[in-house]
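Below is one structure, written out as structure tokens; comments come after it.
Just so it is clear, the values below take in all heavy atoms, side chains as well, and ignore hydrogens, waters and symmetry mates. Lettering of chains follows the sequences in order, A, B, ..., and the numbering in each one begins at 1.
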Number of protein chains: 2
Amino acid sequence: MKPAIIRNGEQPGESETERAARLIRRAGARATPARVRVLRLLRSAPTALSHHEIEQSLGDLALDRVTLYRVLDWLVATGLAHRNADTRRTFRFSAASGSEHSAHSHFRCDGCGRVFCLDAAPPPPPRLPEGFLLSRIELDLRGRCAQCAGGAQ
Amino acid sequence: MKPAIIRNGEQPGESETERAARLIRRAGARATPARVRVLRLLRSAPTALSHHEIEQSLGDLALDRVTLYRVLDWLVATGLAHRNADTRRTFRFSAASGSEHSAHSHFRCDGCGRVFCLDAAPPPPPRLPEGFLLSRIELDLRGRCAQCAGGAQ
DNA sequence: CGGGTATCTGCAACAGAGTTGCAGGTACCA
DNA sequence: TGGTACCTGCAACTCTGTTGCAGATACCCG
């Protein structure tokens, strides 16, 4: 099961699973199947996923509910993933994509609640009240996604 | 306790309570003490308030938990208030301030979870994927408020 | 100013999402 | 190839918000 050892540089032929495992070890934790599967899933998802959606997507490989929460918490804590509350007040998770940590754009669908990550230009940093510390800017767009706007109205 | 009756026009001397009652009646509903108190509170609050914070603020005049939820739902439905899920995935409510409906800026504190409404310039409308409908833009700032950044680190 | 009624309120019970404690399992270091 | 610190799964719990229903009341109308 274990392939030839791969060096630290990001080799082009490295599988997504191996890449996920390496990211996890580099963060200083064990590359358990649970973590690898979840990170791999997040990295391949086009939208931010809810806990429930992740459970569904894992199918037969599904983890215990609590374990999934803990894996997600850990990913967020180490910065490998982002967490956001959606319109319906449930958390959604997305893989952190390396550099674009600090400025981000999301589209939240009022119909299905999904969150889409956009590559929109980061807005300029605004002025804040005295004493406030800024760590992250996000442009938050609300409306209806193509599916909800077109299909079922 | 009841002062002289005041006419319908927005008189400068009109109390905040009377103004709230008038807004509620104009929306086509009964100006019950519950609604008046809550709307008045939201209109005077500097930040978006959670259900719990509202309960606390009302003190002795507190309503039933469920009634408060229903009052808030109604305020949101009629457009007199906005609802937003905060960092900790609890809803926060703020009074709608007339015109500035569509573009808004919030600062969410990662420390205490509070949400502050800012008067930042509305960001320019970005390009969206085909078929997406935009209804609202919001600039979402994350970090620590003066209190959390200064006081307890 | 008082009565009738649709609208509100409060209580109780429930549902969804996330958290905590603890016993047992396992990835990884040596 | 062990040993051990770190993970996982189970059970029980908390917090936030929702639904159903019976009783109360703001407001319209006379």
Side-chain angles (χ1 to χ4, degrees), chain A residues 1-2 5 17-18 20-39 48-56 58 60-78 80-81 83-93 113 115, chain B residues 2 5 8 17-18 20-39 48-56 58 60-78 80-81 83-93 112-115:
Chain A
M1 190 57 79
K2 189 175 287 181
I5 292 173
T17 299
E18 287 153 3
R22 195 165 45 76
L23 285 168
I24 290 166
R25 286 204 197 86
R26 192 164 61 183
R30 291 187 195 166
T32 62
R35 283 179 180 154
V36 174
R37 274 179 213 145
V38 173
L39 181 55
L49 301 175
S50 67
H51 178 273
H52 187 65
E53 287 168 351
I54 295 172
E55 258 188 329
Q56 300 291 311
L58 290 176
D60 296 341
L61 300 174
L63 314 166
D64 180 73
R65 222 168 59 87
V66 178
T67 300
L68 178 49
Y69 275 118
R70 285 197 267 233
V71 165
L72 290 168
D73 284 347
W74 181 85
L75 288 171
V76 170
T78 58
L80 286 170
R83 172 163 56 197
N84 251 284
D86 75 3
T87 315
R88 296 172 178 178
R89 112 200 166 86
T90 66
F91 284 142
R92 285 180 175 269
F93 301 84
V115 178
Chain B
K2 189 176 286 182
I5 291 172
N8 257 340
T17 299
E18 286 151 5
R22 196 164 44 74
L23 284 168
I24 290 165
R25 285 201 198 88
R26 192 163 64 183
R30 290 188 194 164
T32 61
R35 284 180 178 151
V36 174
R37 273 180 215 147
V38 174
L39 180 55
L49 301 175
S50 68
H51 178 272
H52 186 65
E53 287 168 351
I54 295 172
E55 258 188 328
Q56 300 291 310
L58 290 176
D60 296 339
L61 300 175
L63 313 165
D64 179 73
R65 222 168 58 88
V66 178
T67 300
L68 178 50
Y69 275 117
R70 285 198 267 235
V71 165
L72 290 168
D73 284 347
W74 181 85
L75 288 171
V76 170
T78 58
L80 286 170
R83 172 164 57 196
N84 252 284
D86 75 2
T87 314
R88 297 173 178 178
R89 121 206 155 81
T90 66
F91 285 141
R92 283 181 177 269
F93 300 84
C112 59
R114 280 189 294 174
V115 178

Contact nearer the 5' end of DNA chain C, comparing A:Arg92 with B:Val66: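 This one resolves to B:Val66.
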Between atom [atom1] in [X] and atom [atom2] in [N], what is the gap in whole Å?
| X | N | atom1 | atom2 | value |
| --- | --- | --- | --- | --- |
| B:Asp86 | C:dG18 | CG | P | 13 Å |
| B:Arg26 | D:dA26 | CZ | P | 22 Å |
| B:Glu55 | D:dG17 | CD | C1' | 12 Å |
| A:Ile24 | C:dA27 | CD1 | C1' | 12 Å |
| A:Arg89 | D:dT18 | CZ | C1' | 10 Å |

Interatomic distance, [X] atom [atom1] to [Y] atom [atom2] [nearest 0.5 angstrom]:
| X | Y | atom1 | atom2 | answer |
| --- | --- | --- | --- | --- |
| B:Arg88 | A:Arg89 | CZ | CZ | 14.0 Å |
| A:Gln56 | A:His51 | CD | NE2 | 11.0 Å |
| B:Arg83 | B:Leu75 | CZ | CG | 11.0 Å |
| B:Ile54 | B:Leu72 | CD1 | CG | 4.5 Å |

Closest approach of B:Arg35 to B:Ala29 (non-hydrogen atoms, all atoms of both residues): NH1-CB, 3.3 Å
Check: C:dG18 base within 3.5 Å donor-acceptor of A:Arg65 side chain: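 Yes, the side chain and the base share a sub-3.5 Å donor-acceptor pair.
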Any N/O donor-acceptor pair, B:Arg70 side-chain to D:dG20 base, under 3.5 Å: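 Yes, a donor-acceptor pair under 3.5 Å.
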Under-4.0 Å side-chain N/O to phosphate OP1/OP2 contact, A:Arg25 with C:dC28: yes
N/O (side chain, B:Tyr69) to phosphate O (OP1/OP2, D:dG17) under 4.0 Å: yes
Flag side-chain contact, heavy atom, 4.5 Å: B:Trp74 against B:Ile24: yes
Stepwise side chain to side chain contact (heavy atoms under 4.5 Å, CB included) test for B:Leu63 and B:Arg37: CA-CA 10 Å; B:Leu63 313 165; B:Arg37 273 180 215 147; 3.8 Å; yes
Annotated protein contacts, base or backbone, on nucleotides 1-8 of chain C with a non-hydrogen cut-off under 4.0 Å, one of B, S, - each: -----BBS
Side chain of B:Asp64 (C-beta onward), nearest among C:dG10, C:dG18, D:dG9: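 The answer is C:dG10.
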Closest to side chain of B:Pro33, choosing from C:dA17, D:dC27, D:dA26: D:dA26
Checking all strands, does [X] fall into the base, sugar-phosphate, or nothing category for heavy-atom contacts under 4.0 angstrom?
| X | value |
| --- | --- |
| A:Asp73 | sugar-phosphate |
| B:His52 | nothing |
| A:Arg88 | nothing |

5' precedence on DNA chain D between B:Phe91 and A:Ala62 (nearest-nucleotide basis): A:Ala62
Most 5' of B:Arg83 and A:Leu63 on DNA chain D, judged by nearest nucleotide: A:Leu63
